Amino acid sequence: ELIKHVMDNLVNPTKFLQSYITCINVISRHAGHRFGNKLKIIVPKVAEFAHSAGENDDLRESAIQVLESCVLWCPGEMQEFTAQIVDISLNYITYDPNYNYDSEDEEDDEYLDDDDD
């Protein structure tokens, strides 16, 4: 009944979406063997949230953690999603929300301008 409630809220997201994604993470870690038959519904939605999180890094991180947990606890059922998960992982593994990518370019430009004098 809990899984059905959480899945319903994934299909029709509410303001508590991140809480439901975290709940799926906990369920998959503690009941992964009983959770495998629900992955065909859950994984595409969670992957969609990982891609469409925009500036919400916490939501993206939670979604990626769910995917990781599902791979660890339901490896057989997750094989069909492997390519999609690798794509998501490679896309966001190089992204660091704590790094200001623009400032390095500006500093390099200033350094080059100083050399021209």
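Values in this document were obtained by computation on a predicted structure and should not be read as measured data.
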S.K.: Nearest 0.5 angstrom please: I24 CD1 to K38 NZ, how far?
M.R.: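 One gets 12.0 Å once the value is rounded to the nearest 0.5 Å.
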S.K.: Search all heavy atoms of A47 against all heavy atoms of I88 and return the closest pair with its distance.
M.R.: CB-CD1, 3.6 Å
S.K.: Would you give the length of the straight line joining atom NE2 of H51 to atom CG of D87, rounded to the nearest 0.5 angstrom?
M.R.: 5.0 Å
S.K.: On a heavy-atom basis, which atom in S69 and which in N25 lie closest, and how many Å separate them?
M.R.: CB-OD1, 3.2 Å
S.K.: Just how far is it from atom OH of Y92 to atom CD1 of I64, taken to the nearest 0.5 Å?
M.R.: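 Answer rounded to 0.5 Å: 7.5 Å.
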S.K.: Drop me the distance from I85's CD1 to E80's CD, to the nearest 0.5 angstrom.
M.R.: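 It comes to 10.0 Å.
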S.K.: Provide the closest heavy-atom pair for Q18 versus S62 in the form atom of the first, atom of the second, distance.
M.R.: NE2-OG, 3.4 Å
S.K.: Find the distance between OG1 (T22) and CD (Q65) and round it off to the nearest 0.5 Å.
M.R.: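 Nearest 0.5 Å value for the OG1-CD distance: 7.5 Å.
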S.K.: Can you see which heavy atom on F81 is nearest to which on K40, and at what distance?
M.R.: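 In terms of heavy atoms, the two residues are closest at CZ-CA, 3.9 Å.
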S.K.: Would a hydrophobic clustering, with Ile, Leu, Val, Met, Phe, Trp and Tyr connected at side-chain separations under 4.5 Å, put I41 with I27?
M.R.: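 Looking at the clustering, I27 is in the same group as I41.
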S.K.: Output the distance between atom OG (S19) and atom CG (L59), rounded to the nearest 0.5 Å.
M.R.: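 Here the interatomic distance stands at 10.5 Å.
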S.K.: Which atoms form the tightest heavy-atom contact between I21 and V66, and what is the distance?
M.R.: O-CG2, 3.2 Å
S.K.: Do W73 and H30 have side-chain heavy atoms sitting under 4.5 Å apart?
M.R.: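 W73 does not reach H30 side chain to side chain.
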S.K.: Apply side-chain contact (heavy atoms from CB on, under 4.5 Å) to M78 and Q84, showing your working.
M.R.: CA-CA 10 Å; M78 290 297 290; Q84 185 178 18; over 6 Å; no
S.K.: Which atom pair, heavy atoms only, marks the closest approach of L39 to P44?
M.R.: O-CD, 3.7 Å
S.K.: When clusters are formed by joining ILVMFWY residues with side-chain heavy atoms under 4.5 Å apart, either directly or through shared neighbours, do F49 and F16 land in the same one?
M.R.: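 Yes, one cluster joins them.
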